[in-house]
Amino acid sequence: SMGRERNTLSDWGTWVMVPRSSCGRHRTVRCKYVYKKKTNKDGSLQYKSRLVACGYSQIAGMDYFSDQTYAGVCSYPSMRFLMSLDCQKGYILSQTDITGAYLESYLDETIFMEPPPDMFMNGQPPRDPKTGEELVCLLKRGLYGLKQAGYAWSQVFKEFLLRDPTYSMGFVEFTGEPNMYRKTFKLNGKEEEIIIGIYVDDCLIASSSEEARKWFMERLEARFPVNPKSSGLITWDSPGLVLSMHVRYDRLKGILELNQIAAIEALAKKINVTDDAPRSLPITENVRLPKLAKPEVSQTDYLSVVGSTLHICQVSRPDCAFAVGVLSRHSATPGAAHMIAARNLVNYLYNSRQLCIRYCRSKHGNMPDIYEKGSEVAKKTMEERLVASIPIEASNSADMYVDADFAGDPNTRRSTSGMVIILNQGPISWWSRIQKLCAQSSTESEIYAATESVKEAIHIKLLCEESGIRVSNNPIVIWEGNNACIQMGHGLRGSKSA
């Protein structure tokens with residue numbers, strides 16, 4: 001795999017060898033090999049070696065600019081929105097991976113790099129055969145690890161989709177998500193649509209027909225090298241692996257499911273909870289984790305578990321959002337009780353690993369079962385409660401649900417906000433986070449939660465409008481359980497304290 005990596009770098013002309021004396025005032029950047037075992041779409045393992053530059057040794061203002069240190073990454077809610085939309089429209093879903101994506105870009109800055117480790121012979125660096133002077137690499141193309149490499153690649157791919165005159169792709173960038181693109185066009189006399197989401201060098205593609213998908217892939221493969229092992233259709237019998245999500249899609253039945261069974265099993269085995277007694281909840285509602293002055297257990301071990309559960313929660317498990325939020329509040333000073341709670345969360349994930357997010361195609365919208373609390377509601381029958389909480393039925397209707405506790409954190413007495421957005425009968429966006437301010441009433445805590453949630457509602461609203469599934473200026477319904485908060489939101493009631 002190291003040989004393949006070096007051959008790829010040489011074929012691309014990633015650098016030229018120059019005398020070290022030509023570096024001048026520039027400091028050389030170090031490099032190293034990184035080894036990884038990657039799971040392909042078909043489940044096989046691929047051994048990869050990646051030569052990376054040690055970007056931490058670059059100097060800001062000389063080797064890179066601080067505003068060009070990010071890569072194009074489509075957010076998780078936007079990716080789930082794309083999959084939900086694909087399911088509802090009955091489009092074809094596929095994925096692809098671009099090989100050596102960062103090498104496609106050219107560097108504007110002058111960067112010198114130390115020779116790769118396998119260029120050294122008997123511990124001696126490469127030298128010019130005529131002068132005997134020591135040689136270093138003058139980088140011409142973007143290399144993994146460089147501060148600006150991700151940004152440079154994102155600009156290359158954006159140029160290809162939007163403005164490249166050779167391929168005339170003609171995509172339009174989403175305003176609400178700069179790493180999602182849409183194209184509507186006529187192909188063989190038929191109206192077609194393609195929507196793609198970009199996560200660095202991975203693409204998730206929703207196409208209205210097989211002809212449209214082939215049209216896109218032919219041009220993509222003509223411009224960039226594509227990894228065939230990580231590319232192909234996503235179906236029920238041939239699931240896809242998208243950002244650690246195991247995705248399977250039955251186009252005829254209109255069902256798309258995603259889960260993270262493999263990631264959960266790997267985490268459970270890592271901390272050895274597979275044989276523990278099963279837990280029925282991620283965390284108990286009345287949990288009381290002490291706020292310590294100093295850590296009692298290894299911060300590294302604790303953060304490793306919490307960080308892994310945070311990723312799983314953000315991708316496919318909204319039921320654990322509150323638990324992860326509570327555990328992350330003790331990241332600086334974890335104790336034995338906190339580690340037990342973290343292990344219990346992993347135990348719960350492991351024993352419920354078959355749970356998945358499912359999107360269903362329907363002529364109607366979202367019909368979740370909402371169970372409300374309150375003295376007046378308790379007098380209603382179950383049927384009356386559910387009917388009162390079902391939103392207007394319409395396909396591709398995104399609905400937001402917001403709630404907050406009051407003074408739920410026992411240490412700070414701050415409240416916790418919770419939000420979930422449902423589209424096509426499945427969640428596409430959610431969060432649970434402690435509020436920055438200390439609310440003085442339950443109404444005030446609900447207002448804080450609703451205010452923060454509106455920002456995400458605007459994001460999803462823009463995606464819906466630019467996807468052509470909602471008309472402009474049609475508001476998303478936000479479902480709130482506090483009557484005083486609802487009246488204030490409609491301007492029907494005022495308050496000095498909230």
Student: Regarding Asn227 and Thr99, do their side chains bring together a donor and an acceptor under 3.5 Å, going by distance alone?
Tutor: no

Student: For residues Ser429 and Glu456, is any side-chain donor paired with an opposing acceptor at under 3.5 Å?
Tutor: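 Checked: Ser429/Glu456 side chains pair up, N/O donor to acceptor below 3.5 Å.
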
Student: Thinking salt bridges, do Lys186 and Glu192 make one under a 4.0 Å N-O criterion?
Tutor: no

Student: Enter the distance from Leu9:CG to Glu5:CD here, rounded to the nearest 0.5 Å.
Tutor: 4.5 Å

Student: Between Glu265 and Arg353 (salt bridge meaning N to carboxylate O under 4.0 Å), is one present in this structure?
Tutor: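 A salt bridge links Glu265 with Arg353.
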
Student: Is it true that Lys214 and Glu218 have a side-chain N and a carboxylate O under 4.0 angstrom from each other?
Tutor: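 So Lys214 does not pair with Glu218 through a salt bridge.
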
Student: Can you classify the ring geometry of Tyr199 versus Tyr76 as parallel (below 30°), tilted (30 to 60°) or perpendicular (above 60°)?
Tutor: parallel

Student: Under 4.0 Å between a side-chain nitrogen and a carboxylate oxygen: does that hold for Glu210 and Arg213?
Tutor: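 Judged by the 4.0 Å cut-off on N to carboxylate O distance, Glu210 and Arg213 do form a salt bridge.
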
Student: Got a salt bridge between Glu257 and Arg358, using NZ or NE/NH1/NH2 to carboxylate O under 4.0 Å?
Tutor: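 Yes, this pair counts.
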
Student: Is the shortest side-chain N to carboxylate O distance from Lys158 to Glu173 below 4.0 Å?
Tutor: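 Result for this pair is yes, salt bridge flagged.
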
Student: Report yes or no: is the cationic atom of Arg50 (NZ for Lys, CZ for Arg) under 6.0 Å from the centre of the six-membered ring of Tyr144, at an angle within 45° of the ring normal?
Tutor: yes

Student: Should the pair Lys229-Asp97 be classified as a salt bridge under the 4.0 Å nitrogen-to-oxygen rule?
Tutor: no

Student: Using the ring pair (Phe, Tyr, Trp, His ring centres under 6.0 Å) rule, collect all pairs that involve residues 227-284, keeping only residues at least two apart or in two chains.
Tutor: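 Every pair satisfying ring pair (Phe, Tyr, Trp, His ring centres under 6.0 Å) with a residue in residues 227-284: there are none.
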
Student: Supply the atom-to-atom distance Tyr151 OH to Gln155 CD, rounded to the nearest 0.5 angstrom.
Tutor: 4.0 Å

